[in-house]
Amino acid sequence: GYTISFVQWLLPGLVLGIVLLFIGIGVIKVMFDPGIKNLPSGDYLKKRRDELGPMTAAETNVIAVLVGMILLLVIQSFIAMKGVDIFWVLIFVGIVLNLVPAGNGESLVTVKDLAKVNWNIMFLVTSGVAMAGIMKNFHLIQWGSEQFVHVSGLALLSASAIMTVLLANFVHGPSAAVAMLTLMLPAALKSGINPVIVARIIPGVSLGMLFPWSGLGAALTFSSGYLSIKDMFKGGIVVTIIYIVLCVIGFATLIPLFG
């Protein structure tokens with residue numbers, strides 16, 4: 001099997017994410033007039049910062065918990081802690097958020113906050129996992145992966161990215177990622193490809209950008225009222241093609257580099 005640490009998972013995505021961020025900004029700036037010539041100066045940002053006032057006890061505690069979580073994830077990547085893996089760290093942080101006070105007589109997270117959770121996303125993701133289990137029981141995953149036995153190398157990675165993009169934009173990003181990972185990881189193993197590369201490419205391109213219903217980010221962008229569906233598709237298709245190419249080449253190069 002393949003085992004990677006949090007840092008090994010993080011670094012390739014961090015490097016590629018920074019590159020894709022600037023490329024995305026550049027594409028949007030070229031295709032759509034931003035309406036401003038220069039970004040706000042430091043004086044403007046300082047004024048807005050002063051308007052926020054001093055940090056509250058709740059904000060300070062949230063930052064402390066966040067820093068603690070990051071440290072635990074990073075330390076766990078370098079020091080083997082018997083019986084402790086990345087999932088236990090996240091569960092521990094969830095418990096801490098329910099215990100640390102917010103300064104108003106309540107904890108940072110309360111039962112009332114559960115009502116604000118987007119449960120639709122949760123149900124979509126868990127439905128995708130359940131669907132993967134059904135596909136496995138009916139041997140559909142085995143059949144699907146066998147269709148890619150003779151497809152190897154760059155072709156398999158490209159097929160994983162393209163199929164994920166198509167599914168993500170017409171179904172839902174997280175659900176598409178779960179379904180494609182279930183199908184393509186066994187295919188990668190049978191083809192002799194490091195499955196970690198496939199496991200990074202598929203989530204990397206599962207962010208739907210072509211239509212308002214492609215994902216939460218796309219829906220929020222469209223709801224601003226500044227873009228028509230035509231403009232969204234035009235910009236989304238360009239950025240999506242760039243993302244596919246860079247994710248396939250980038251992760252195939254960076255993952256072996258970072259071990």
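Along the sequence shown, residues are numbered consecutively beginning with 1.
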Check: So, for Ala252 and Leu157, which heavy atoms are closest and what is the spacing to 0.1 Å?
Finding: CB-CD1, 4.1 Å
Next item on the list: Would you give the length of the straight line joining atom CD1 of Ile237 to atom CD1 of Ile242, rounded to the nearest 0.5 angstrom?
Entry: 11.0 Å
Item checked: Interatomic spacing from CG in Leu154 to CD1 in Ile249 - rounded to 0.5 Å -> 7.0 Å
Note to self: Ignoring hydrogens, what is the shortest heavy-atom contact between Ala161 and Ile201? Give both atom names and the distance.
What the structure shows: CB-CG2, 3.9 Å
Note to self: As a quick check of understanding, evaluate side-chain contact (heavy atoms from CB on, under 4.5 Å) for Phe258 and Val15, giving each step before the final call.
What the structure shows: CA-CA 11 Å; Phe258 287 107; Val15 173; 4.2 Å; yes
Next item on the list: Taking all non-hydrogen atoms of both residues into account, name the closest pair between Ala188 and Val198 and its distance.
Entry: CB-CG2, 3.8 Å
Next item on the list: For the pair Leu16 and Arg200, evaluate side-chain contact (heavy atoms from CB on, under 4.5 Å) and give the outcome as yes or no after the intermediate values.
Entry: CA-CA 11 Å; Leu16 197 55; Arg200 294 301 278 120; over 6 Å; no
Item checked: Same apolar cluster: Val245 and Ile23, side chain cutoff 4.5 Å -> no
Margin query: Test of understanding: clusters of I, L, V, M, F, W, Y form through side-chain heavy atoms closer than 4.5 Å, transitively. Do Met31 and Ile25 belong to the same one?
Written below: no
Check: Looking only at heavy atoms, which two atoms of Pro203 and Ser206 are closest? And how far apart?
Finding: O-OG, 2.9 Å
Next item on the list: Hey, could you give me the CZ/NZ distance between Phe22 and Lys29, rounded to the nearest 0.5 Å?
Entry: 12.0 Å
Next item on the list: Identify the two heavy atoms, one from Ser160 and one from Met184, that lie closest to each other, and give their separation to 0.1 Å.
Entry: OG-CE, 3.1 Å
Note to self: Within the 4.5 Å heavy-atom criterion, are Met163 and Leu167 side-chain neighbours or not?
What the structure shows: no
Notebook entry, point to check: Under the ring pair (Phe, Tyr, Trp, His ring centres under 6.0 Å) test, which residues partner Phe6, sequence neighbours left out?
Noted result: none
Notebook entry, point to check: Looking only at heavy atoms, what is the nearest atom pair of Val165 and Val205, with distance?
Noted result: CG2-O, 3.6 Å
Notebook entry, point to check: When clusters are formed by joining ILVMFWY residues with side-chain heavy atoms under 4.5 Å apart, either directly or through shared neighbours, do Ile255 and Leu257 land in the same one?
Noted result: yes
Name every donor-acceptor pair, under 3.5 Å, that has one atom in a side chain of residues 90-103 and the other anywhere in the protein, sequence neighbours excluded.
unit_1, atom_1, unit_2, atom_2, d
Asn98, ND2, Gly94, O, 2.7

Item checked: Spacing of CG belonging to Leu66 relative to CG belonging to Asn61, to within rounding of 0.5 Å -> 12.5 Å
Item checked: Verify same cluster id: Val239, Ile241 (apolar side-chain graph, 4.5 Å) -> yes
Check: Tell me the side-chain hydrogen bond (donor to acceptor under 3.5 Å, both in side chains) pairs involving residues 231-256, sequence neighbours left out?
Finding: Ser228-Asp231
Next item on the list: Quick one: pull up CZ in Phe233 and CG in Asn169 and give me the separation to the nearest 0.5 Å.
Entry: 8.5 Å
Next item on the list: Quick one: pull up CZ in Arg49 and NZ in Lys46 and give me the separation to the nearest 0.5 Å.
Entry: 9.5 Å
